[in-house]
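Letters A, B, ... mirror the listed sequences (proteins, then strands); counts begin at 1. Since the structure is predicted, the reported quantities are computational estimates derived from the model, not experimental observations.
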Protein chains: 2
Amino acid sequence: MMRGTTSHAGQGIDPFVPAGGYLSLLLETFSAESRARLDGMARVRTVPAKTVLVREGERPNEIGFVLSGILALTRFLPSGRAQISGLLAPTDMYGRIFSGRSRHHVESLSEARLICFDRAHFEALVAKDAEVERVLLTHVLDELDIAREWVLLLNGSKVIERVASFLILLMSRHGGGLPDARAPMTLQVPLSREDLASYLGTRPETLSRAFHELADKGIIHITDPYRFDVVNLPALIKVSGRDFAPDGGD
Amino acid sequence: MMRGTTSHAGQGIDPFVPAGGYLSLLLETFSAESRARLDGMARVRTVPAKTVLVREGERPNEIGFVLSGILALTRFLPSGRAQISGLLAPTDMYGRIFSGRSRHHVESLSEARLICFDRAHFEALVAKDAEVERVLLTHVLDELDIAREWVLLLNGSKVIERVASFLILLMSRHGGGLPDARAPMTLQVPLSREDLASYLGTRPETLSRAFHELADKGIIHITDPYRFDVVNLPALIKVSGRDFAPDGGD
DNA sequence: CTCTTCTCTTGATGACCATCAATGCGTGCC
DNA sequence: GGCACGCATTGATGGTCATCAAGAGAAGAG
């Protein structure tokens, strides 16, 4: 279950990291003192794909932030099949702070670099340092919005709509906004077909058909199963059935 | 669009409010001083169903908490149809703190009682009062989990599975946990068929069929379109295709 | 009371998609 | 090299659901 990324997906630019890099964004939000305190407790580690970081039902002793790579939140259904309920991209947080057990597995889909904190220490720091707390709060509010964005995306009845929306969200994350509509853009999808299917609430076969339908219509060009060029962005937006702003994206 | 609650749905016990009442829960989380400060800025108001509180794209000047009733977060698609991307139950917050524009409409589905704060004042208080900030943070983390819960629910391929999951979540919210499996339980659904359909990513007709299929199987009893008795909880859980814990649920 | 209106419900049909099954392609192992 | 394995793809089929259409009940207006 939950096939990890093949060697394909691990290569190339990480599509979730914008030009400036999220790492600096994450760290520069804090003042020098806060950063120093954080640094003292931090532990940076690199994990390979398919590493389980937190298990459903357990109370994790670590709070972690993604620096690079993609993690997935998954749930196991009685049928034995795994469902992805969320993706964690660079700057996203995992682990439970000030509360109980985790409701999902947290698992790396690609090789990932993480910055981890001991939970108790991190909680103490948050309680003491109002600035860290504020940054955290803003952060979590953003994640909440993103999660609700996915709810909308999944409500799109047709699979091809969801695929189109996914690609557009991917693009807007890449550059911090949608690029010029007329400039073709190369996209790298860091997920296997099976993982992406689980995330979009469908099956790999249907996903494959949707991608190739977009290609047949001349909207995208498929370089390999993990790389696409978006040839016709307006058409892609139209297929998605949603009104993405020309610039703001999400 | 977005048909509001009829007089049916407004009547009876609010199914989202547990025995103890959420209001006290919300307020008692704060210390006396914090509460006093909050009280000074607060404005409690009651709005009828179908009231739009925040418009998509606007920067709201109010932060509000739901005391009773149900609000919905909605998005309008290019097709003109409205999609519900989240429900707000008592204790839930709306409005944007420390950040930009709202990405959804916030609209009351039933008559609702709200406690509102001026955004700037509330932000100042949060910046000053670490305790308020902490409560808020914990709160938002919980909402994030709930949002991800919905992602899972919507991934359930069949509509009847989603309906079953919805009813179970409703039950576990009602009493703070699932009751004894053998005791029938009366549920009040505070949403019109159209609103619920939008929320579950389907249409009213399909929803109606799903409810009556559950009734035909003897799993629930339909008193009226807004009231049900859950007769066979284990069977309901089985239909949902998920493993709700016998007690804690989520 | 009667008419209007709104919502829920029920029926019929076609589109979409999950599923089963088989083929093609690349990678790693022997 | 040759083989096995994993993943993506493609084909065929049945089930589920969106949609169009129509009927039933209840609430409110006059």
Identify, residue by residue, the members of residues 204-217 of chain A with a heavy atom below 4.0 Å from DNA chain D, and return them in order of residue number, or none.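 Heavy-atom contacts with DNA chain D come from Glu205(A), Ser208(A), Arg209(A), His212(A).
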Quick check against the 3.5 Å criterion: does [X] have a side-chain atom that pairs as donor or acceptor with the backbone of [Y]?
| X | Y | answer |
| --- | --- | --- |
| Arg55(B) | His105(B) | no |
| Thr51(B) | Pro48(B) | yes |
| Thr202(B) | Leu207(B) | no |

Would you mind telling me which of [options] lies closest to the side-chain atoms of [X]?
| X | options | value |
| --- | --- | --- |
| Tyr226(B) | dT7(C), dT16(D), dT19(D) | dT7(C) |
| Pro225(B) | dC8(C), dA18(D), dA8(D) | dC8(C) |
| Lys158(A) | dT19(C), dT19(D), dC16(C) | dC16(C) |
| Val159(A) | dC17(C), dC17(D), dC8(C) | dC17(C) |

In terms of ring plane angle, is the pair Tyr199(B) and Phe166(B) parallel, tilted or perpendicular, where the classes change at 30° and 60°?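 It falls in the perpendicular class, over 60°.
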[X] [atom1] - [N] [atom2] separation (whole Å):
| X | N | atom1 | atom2 | result |
| --- | --- | --- | --- | --- |
| Ile160(B) | dG15(D) | CD1 | C1' | 14 Å |
| Leu191(B) | dC8(C) | CG | P | 10 Å |
| Arg193(B) | dC17(D) | CZ | C1' | 17 Å |
| Glu194(B) | dT19(D) | CD | P | 12 Å |
| Arg203(A) | dG14(D) | CZ | P | 20 Å |
| Glu161(A) | dA18(D) | CD | P | 12 Å |
| Arg227(B) | dC8(C) | CZ | P | 15 Å |

So how far is it from Met171(B) CE to Leu236(B) CG, rounded to the nearest 0.5 Å?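 Answer rounded to 0.5 Å: 7.5 Å.
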Using salt bridge (Lys or Arg N to Asp or Glu O under 4.0 Å) as the criterion, list what pairs up with Arg209(A), not counting sequence neighbours.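 Partners of Arg209(A) by the salt bridge (Lys or Arg N to Asp or Glu O under 4.0 Å) criterion come out as none, since no residue qualifies.
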Between the two end axes of the helix from dC1(C)-dG30(D) to dC30(C)-dG1(D), each built from 5 base pairs, what angle do you get to the nearest 10°?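 Nearest ten degrees gives 30° for this helix.
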What is the minimum heavy-atom distance between Gly201(A) and Leu154(A), and which atoms define it?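 Residues Gly201(A) and Leu154(A), closest heavy atoms: N-CD2, 4.3 Å.
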Taking the side chain as every heavy atom from C-beta outward, state whether Arg148(B) and Glu143(A) have any atom pair closer than 4.5 Å.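 Sidechains of Glu143(A) and Arg148(B): in contact.
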SB check Arg103(A) Glu149(B) (cutoff 4.0 Å):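 So Arg103(A) pairs with Glu149(B) through a salt bridge.
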